[in-house]
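The structure under discussion appears below in the form of structure tokens.
Because the structure is a prediction, the values reported are computed rather than measured.
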Amino acid sequence: MTAVTIRNLPEETHRALRVRAAINGRSTEAEIRAILEDAVRPEGRVRLGSLLAAIARRAGVTDEDVEALEQARGKSPAEPPKFE
């Protein structure tokens, strides 16, 4: 797991983080992780896989269609394009 160091954090901000962490029953470090997680990975975000599945359902793609595509596609890796 990655570590992050935050420099020049005002004492007032650090104090507020400690208070918020205590209110939520966590360490200051756990509170900062929760804040960052909420900021960059909000609960209501659209996930690519879910979006693609929803598009496929609306288009009427069935499991049988997916299986047919799996059977028809080549199993060897594609050749990369050549640019000259």
Side-chain angles (χ1 to χ4, degrees):
M1 191 173 288
T2 304
V4 175
T5 301
I6 301 172
R7 292 184 175 84
N8 303 319
L9 186 67
E11 182 58 36
E12 184 177 315
T13 302
H14 187 244
R15 193 172 325 121
L17 281 167
R18 287 194 321 260
V19 169
R20 180 175 164 159
I23 290 169
N24 290 320
R26 312 188 250 244
S27 68
T28 304
E29 185 176 322
E31 187 67 23
I32 292 168
R33 277 195 303 270
I35 291 167
L36 289 172
E37 186 77 18
D38 289 345
V40 299
R41 298 178 67 182
E43 196 172 304
R45 75 185 187 276
V46 176
R47 296 180 182 206
L48 182 58
S50 299
L51 180 61
L52 291 173
I55 291 169
R57 279 193 300 276
R58 276 183 282 183
V61 176
T62 65
D63 288 342
E64 291 78 26
D65 296 330
V66 173
E67 183 62 34
L69 288 170
E70 286 290 323
Q71 295 296 324
R73 77 179 181 125
K75 299 297 180 190
S76 60
E79 287 292 319
K82 294 183 177 162
F83 298 101
E84 296 182 38

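With rounding to the nearest 0.5 Å, the separation of CD1 in Ile6 from CG in Leu9 is 6.5 Å. Residue Glu67 holds its CD atom at 10.5 Å from OG1 of Thr62, rounded to the nearest 0.5 Å.
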Name each donor-acceptor pair under 3.5 Å that joins a side chain in residues 10-19 to protein atoms two or more places apart or in another chain, with its distance.
{"from": "His14", "atom 1": "ND1", "to": "Arg18", "atom 2": "NH1", "distance (Å)": "2.7"}

Mind listing the side-chain donor-acceptor pairs of residues 22-34 below 3.5 Å, one per line with the distance, residues two or more places apart or on another chain?
{"from": "Asn24", "atom 1": "ND2", "to": "Arg20", "atom 2": "O", "distance (Å)": "3.2"}
{"from": "Asn24", "atom 1": "ND2", "to": "Glu31", "atom 2": "OE1", "distance (Å)": "3.3"}
{"from": "Asn24", "atom 1": "ND2", "to": "Glu31", "atom 2": "OE2", "distance (Å)": "3.1"}
{"from": "Arg26", "atom 1": "NE", "to": "Glu31", "atom 2": "OE1", "distance (Å)": "2.7"}
{"from": "Arg26", "atom 1": "NH2", "to": "Glu31", "atom 2": "OE1", "distance (Å)": "3.3"}
{"from": "Ser27", "atom 1": "OG", "to": "Ala30", "atom 2": "N", "distance (Å)": "3.0"}
{"from": "Glu29", "atom 1": "OE2", "to": "Arg33", "atom 2": "NH1", "distance (Å)": "2.9"}
{"from": "Glu31", "atom 1": "OE2", "to": "Arg20", "atom 2": "NE", "distance (Å)": "2.7"}

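Residues passing the salt bridge (Lys or Arg N to Asp or Glu O under 4.0 Å) test with Glu64, sequence neighbours excluded: none.
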